[in-house]
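Since the structure comes first, as C-alpha cells, the remarks are kept for the end.
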Amino acid sequence: MNSLYNLAGEVDLEDGIKKQFCGETINETEDRAVLHTALRSKLKTDTKVGGAISKQIAKTKEKIKVFVEAIISSERKGFTGKPFTDVVNIGIGGSDLGPMMVVEALKYYKNHLHLHFVSNIDGDHVQEVIKSLNPETTLFVIVSKSFTTQETITNSNTIRDWFLKKANKEAIERHFVAVSTNIQKAEEFGIQRDNIFPMWDWVGGRFSLWSTVGISIALSIGYKHFEELLDGAGEMDQHFLKMPFPENIPVVLALISVWYNNFLGAESEVVIPYTQYLKYFPYYLQQAVMESNGKSRDRNGDRVNYQTGTIVWGATGTNAQHAFFQLIHQGTKLIPVDFIGFKEPLYGYLEHQDKLISNMLAQAEALMKGKTVEEVVEESQHLSAEELNKRLPFKVFEGNKPTNMLLIKRLTPKNLGALLALYEHKIFVQGYIWNIFSYDQWGVELGKQLAGNILDDIRSQKTISEHDPSTKSLIQFYKE
Ligand SMILES: O=P(O)(O)OC[C@H]1O[C@](O)(CO)[C@@H](O)[C@@H]1O
C-alpha cells in the first residue's frame, strides 16, 4: 500500500483532485470543466462554484422542485384534467442508466407515480413500454444532453405520434418536458421553453444523475429524498477532498484496483451488491467506468504501454453465486470482487437478511481462504481411498482471491448518493494515475457515423457508400 501511495504522490493526485473540484478545464479534448461535484456542493466558496455556476444550480434545483411537487401533488394535470400516474424517461446512456438505476435502487421510497424507461432504438422496446400506458395520465421526460442522439430523438418522435393519436397538439406542452443543453433543438421538437430543464457542458452524461437528468428520480421519490441523495454524494466529495490517502476510501479502492489491474494482470472486476434493489448498478457502473477509462492514448496523445480501464461486470448476490461464481472460485482468471451489502433490511425480514449477509461474508471468506487438500481429506472420511483420490483435485479451492467489502448500514437515498460518488471518484483517481482523459468518449463516435452511412444504404436502391465485402453482403442480405 505504501508503494501505491507513493505512486499517487508521484503523479500529484492531490493537485489533480483540486483542479477538478475548482473547475479547471481538465476535460481537455472537449475543452470543458468537470463539475458534477458542484451539483451536490454546499460550499459557495470554491472558485467557479462560488460564482455564476452555483447561482445557476440553485435556480435550476428550485425549478426541478417546483415542477416535481406540482406533478406529485396532482396540482399539474394531464390534458383531460386527470392527475399523472405514469412517467416515461426517454434517454440513453447517461441519460438513462443513472436515473433508471437510482429509481430502482430507491423503489422503497417511491410515491404513487410509476416510472418507465425507454432507451433502445428498438421499436419493440418502445411498444412494450407504451402499450399499457394511458396518454391522458402519462408524463414524458425527454433526456438528452445533446438533443441529437439518434435513439432518443427517434423514440421521442414515435412516442409523440402515438400521443397525438389521442390528444391534440396543444396537449404536448402539458405532457412533454425536456432536459438538455440544446434549448434550440428541444424547442424545435415542440417543447415549450418553460418545460425545458437546462443541462450544462460541465456535467458529463455518465455523471449527470445529480443534475436535471435526475428529474425522473425526483419524480419517483420526491424532491426531499432527491436532495438527500445529493447530500450523501456531497459528503463523499468532502471525504475525498480532505482525507489523507490511507484513509480515503475512493483513493484506496482505486489504488487496490490499479494493483490488480497493472501489477497482477487482472482483466476484469466484478461488483456484487447483496440487495435486489441494486440490480441495475452493474450496468450503470459499466458505462461510468468503461466509457471513462477505456482509453489507449495518454494525455499527451501517445499510445500507452500499460493496461488502462478495467472491464466491469456483475449481478446481485446471492443470484450470482448460482450463476458465475464457479469461475471466480476455481477458474483460471484473477477476478477481484467488490461486495456491497446493507446491514438493515428495509422491510424487516430478518431471517432473510441474516441468510443474505451470511452468504456475502461466506463468499469473501471462501475466496480468501480457499480449501486445502488436507481439509478436503478431513471432510471426506466417508469416502474410500480410491474415490477420494478421484475427487480430490476438483474439491480443492486455491483461495487467495481478492475482495473488497462495502458494508453499509441501510439503503437510504443518502447512503446511495455516497456510494455512487465513491465509485465516481475511484474512476477519476485511476484515470489520473493512468494519465488518460477520463471525461471524453470519442470511442463511441465511429459506430454512430458508420450507422448513418449504412442507414442511407439500406434506404436507397443501391449501396452508395464504400464498404468491405462482408458489410456489403450483410446490407444486401438485410435488404432482400
Ligand atoms: O444525453 P445524450 O446527449 O443524448 O447522450 C447520451 C449518451 O450518449 C453518449 O454520448 C455516448 O454515445 C454518452 O456519453 C451519453 O451518456
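Start at 1 and go down the list; that is how both ligands and their atoms are numbered. Residues take their numbers from the sequence shown, with the count starting at 1.
Among residue pairs with one or both ends in residues 152-171, none qualify as salt bridge (charged side-chain N to carboxylate O under 4.0 Å, His left out); sequence neighbours excluded.
Between the side chain of Asn195 and the backbone N or O of Ile191, no donor-acceptor pair lies under 3.5 Å. Without hydrogens or angle criteria, Lys242 side chain to Asn248 main chain gives no donor-acceptor distance under 3.5 Å.
Relative orientation of the Phe339 and Tyr274 rings is tilted, given thresholds of 30° and 60° on the angle between their planes.
Near ligand 1, Ile92, Gly93, Gly94, Ser95, Ser144, Lys145, Ser146, Thr149, Gly205, Gln287, Glu291, Gln441, Val444, Lys448 each place a heavy atom less than 4.0 angstrom from the ligand.
Checked against His36 for a ring pair (Phe, Tyr, Trp, His ring centres under 6.0 Å), the options Trp210, Phe21, Phe207 give a single hit: Phe207.
Aromatic rings of Tyr284 and Tyr423 (six-membered ring for Trp) have centroids beyond the 6.0 Å cut-off, not under it.
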